[in-house]
Amino acid sequence: QVQLVESGGGLVQAGGSLSLSCAASGRTWRSAAVGWFRQAPGKEREFVAAITWSVGNTVYADAVKGRFTISRDNARNMVYLQMSSLQNEDTAVYYCAAGAYITTRDYVYDFWGQGTQVTVSS
């Protein structure tokens with residue numbers, strides 16, 4: 001099992017920045033990649049960004065490309081999501097998830113955190 005705990009969510013004004021953290025523990029070697037997903041009220045969960053533990057390959061959703069940056073700290077088993085130029089549409093619960101390989105498809109990710117709320121106000 002891999003346990004994931006997100007932190008760093010909160011309320012931010014449009015145009016502002018926020019950084020999320022995902023702490024991984026347990027059998028982390030079972031997952032090759034960590035992804036961030038989000039779910040807004042009344043909407044389906046959507047992919048945000050993902051990164052591989054090994055060489056740090058990344059992939060981003062078009063909606064966040066150029067505004068969000070995903071990174072990892074292998075020594076601390078941490079994955080971060082730096083968000084800037086936040087927009088109202090970024091309001092959602094953000095989840096990190098661990099999976100066998102890097103992909104935008106949520107069903108590949110076996111382990112999920114509880115989520116952290118990000119609210120962008122105008």
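Panel note: side chain R72, backbone S54; a donor-acceptor pair is recorded below 3.5 Å.
The minimum heavy-atom distance between V120 and T91, with the atom names listed, is N-OG1, 2.9 Å. Closest approach of A100 and A32 over heavy atoms only: O-CB, 3.1 Å. Counting all heavy atoms, side chain and backbone alike, Y60 lies closest to K65 at O-CE, 3.7 Å.
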Between side-chain atoms of residues 7-22 and protein atoms elsewhere (two or more places apart, or another chain), which donor-acceptor pairs fall under 3.5 Å?
| unit_1 | atom_1 | unit_2 | atom_2 | d |
| --- | --- | --- | --- | --- |
| S19 | OG | Q82 | OE1 | 3.4 |

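Atom OG1 in T69 sits 11.0 Å away from atom CZ in R67 (nearest 0.5 Å). Atom SG of residue C96 and atom OH of residue Y80 lie 12.0 Å apart, to the nearest 0.5 angstrom. We find the CG-OG1 distance between N88 and T119 to be 10.5 Å, quoted to the nearest 0.5 Å. Taking OG of S122 as the start and CG of L86 as the end, the distance is 13.0 Å to the nearest 0.5 Å. Here Q1 contributes atom CD and S25 contributes atom OG; the two are 10.5 Å apart, rounded to the nearest 0.5 Å. Interatomic distance, T52 OG1 to I102 CD1, rounded to the nearest 0.5 Å: 5.5 Å.
Residues F68 and V34 share a hydrophobic cluster, clusters being chains of Ile/Leu/Val/Met/Phe/Trp/Tyr side chains in contact below 4.5 Å. Linking Ile, Leu, Val, Met, Phe, Trp and Tyr residues whenever their side-chain heavy atoms come within less than 4.5 Å places Y101 and Y107 in a single cluster. Linking ILVMFWY side-chain heavy atoms closer than 4.5 Å, directly or via other members, places V79 and Y95 in two distinct hydrophobic clusters.
Checked against salt bridge (Lys or Arg N to Asp or Glu O under 4.0 Å), D106 has the following partners two or more places apart in sequence or in another chain: R45. Qualifying side chain to side chain contact (heavy atoms under 4.5 Å, CB included) partners for A24, counting only residues two or more places apart in sequence or in other chains: L4, T28, W53, N77. Under the ring pair (Phe, Tyr, Trp, His ring centres under 6.0 Å) criterion, F37 pairs with F47, Y109, W112, sequence neighbours left out. With sequence neighbours excluded, no residue forms a salt bridge (Lys or Arg N to Asp or Glu O under 4.0 Å) with K43. Partners of Q87 by side-chain hydrogen bond (donor to acceptor under 3.5 Å, both in side chains), not counting sequence neighbours: none found.
A salt bridge (charged side-chain N to carboxylate O under 4.0 Å, His left out) with R38 holds for exactly one of E6, E44, E46, E89; it is E46.
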Next item on the list: Applying side chain to side chain contact (heavy atoms under 4.5 Å, CB included), run through M83 and V118 and close with a yes or a no.
Entry: CA-CA 10 Å; M83 306 182 293; V118 172; 4.0 Å; yes
